[in-house]
Amino acid sequence: MSVRGIRGATTILQDQKTEIEQATIELLHELVESNPGLRSEDIASIIFSVTDDICQDYPARAARIFGWDHVPLMCTREIPVPGGLPLCIRVLIHWNVDRPQSEIRHVYLRQAVKLRPDFSR
């Protein structure tokens, strides 16, 4: 079995708890839909990062609401890079799965599509 990385990102309009929660849950839902068989019991860990303009909540809390209760989670804050995409939430999921990396689907939503247009729908 291999550990595969699944990347994703989304943005919010305002630094508000409900927006962070809703956008994170939407992103996780799209990642699950795009990667059939992705189950919480097969996830080794998840790292969330947020841009430095997000401070009202942790995306990891939204993952718990999503139902991923026993997954090891971490949240980090990104450095403020000039010209960086504002109000952005990113995720890196470490998935224990027997699939080649070429079958893994990454998801970028909302304004985060600018980061990886090649992964957008």
Side-chain angles (χ1 to χ4, degrees):
M1 180 155 310
S2 299
V3 176
R4 300 293 183 200
I6 308 174
R7 294 176 304 185
T10 191
T11 57
I12 55 177
L13 295 175
Q14 298 177 17
D15 181 26
Q16 295 179 346
K17 184 176 181 176
T18 55
E19 278 205 51
I20 295 165
E21 179 182 307
Q22 290 171 354
T24 303
I25 289 172
E26 176 189 31
L27 178 59
L28 295 177
H29 175 75
E30 290 296 322
L31 286 163
V32 168
E33 290 294 313
S34 298
N35 292 282
L38 176 60
R39 304 173 309 158
S40 64
E41 54 267 26
D42 298 326
I43 297 173
S45 63
I46 300 175
I47 299 171
F48 289 97
S49 69
V50 296
T51 49
D52 72 327
D53 50 4
I54 297 176
C55 61
Q56 295 300 310
D57 201 7
Y58 299 103
R61 192 181 67 75
R64 297 288 185 230
I65 293 168
F66 189 67
W68 291 355
D69 297 326
H70 301 291
V71 175
L73 305 172
M74 177 183 276
C75 288
T76 66
R77 176 164 287 171
E78 298 175 13
I79 59 173
V81 176
L85 187 63
L87 298 168
C88 187
I89 300 165
R90 299 178 217 265
V91 65
L92 174 59
I93 299 173
H94 302 107
W95 184 19
N96 296 317
V97 65
D98 284 323
R99 284 191 196 167
Q101 189 68 39
S102 62
E103 291 182 15
I104 303 303
R105 300 291 169 246
H106 310 284
V107 174
Y108 287 74
L109 303 175
R110 303 178 186 192
Q111 292 299 311
V113 168
K114 294 175 184 176
L115 299 171
R116 288 302 303 256
D118 52 325
F119 290 152
S120 67
R121 294 181 183 220

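Here the structure is a predicted model, which is why all the values come from computation and not from measurement. Along the sequence shown, the residues carry numbers beginning at 1.
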* Structure fact -> Heavy-atom closest pair (I89 atom, L27 atom, distance to 0.1 Å) is O-CD2, 4.4 Å

* Separation between CG of L92 and CE of M74, rounded to the nearest 0.5 Å -> 11.5 Å

* To the nearest 0.5 angstrom, please state how far the CG atom of D42 sits from the CG atom of N96. => 7.0 Å

* **I43 CD1 to H70 NE2 distance, which is reported to the nearest 0.5 Å** => 12.5 Å

Give every donor-acceptor pair under 3.5 Å between a side-chain atom in residues 1-11 and any protein atom, sequence neighbours left out.
{"from": "R4", "atom 1": "NE", "to": "R99", "atom 2": "O", "distance (Å)": "2.7"}
{"from": "R4", "atom 1": "NH2", "to": "R99", "atom 2": "O", "distance (Å)": "3.2"}
{"from": "T11", "atom 1": "OG1", "to": "Q111", "atom 2": "N", "distance (Å)": "3.2"}

* Looking only at non-hydrogen atoms, find the nearest pair between D57 and I20 and report the distance. => N-CD1, 3.6 Å

* Compare every heavy atom of S40 with every heavy atom of W68, then report the nearest pair and how far apart it is. => CD1-CB, 3.3 Å

* Which value, rounded to the nearest 0.5 Å, describes the distance between I12 atom CD1 and T18 atom OG1? -> 9.0 Å

* To do: Using side-chain contact (heavy atoms from CB on, under 4.5 Å) as the criterion, list what pairs up with T51, not counting sequence neighbours.
  => D53, I54, E78, C88

* Looking only at heavy atoms, what is the nearest atom pair of P59 and C75, with distance? -> CD-SG, 3.8 Å

* For E19, does its backbone N or O pair with a side-chain atom of Q14 as donor and acceptor, under 3.5 Å? -> no

* For R105, enumerate each residue passing the side-chain contact (heavy atoms from CB on, under 4.5 Å) test, keeping only those at least two apart in sequence or located in another chain. => S34, N35

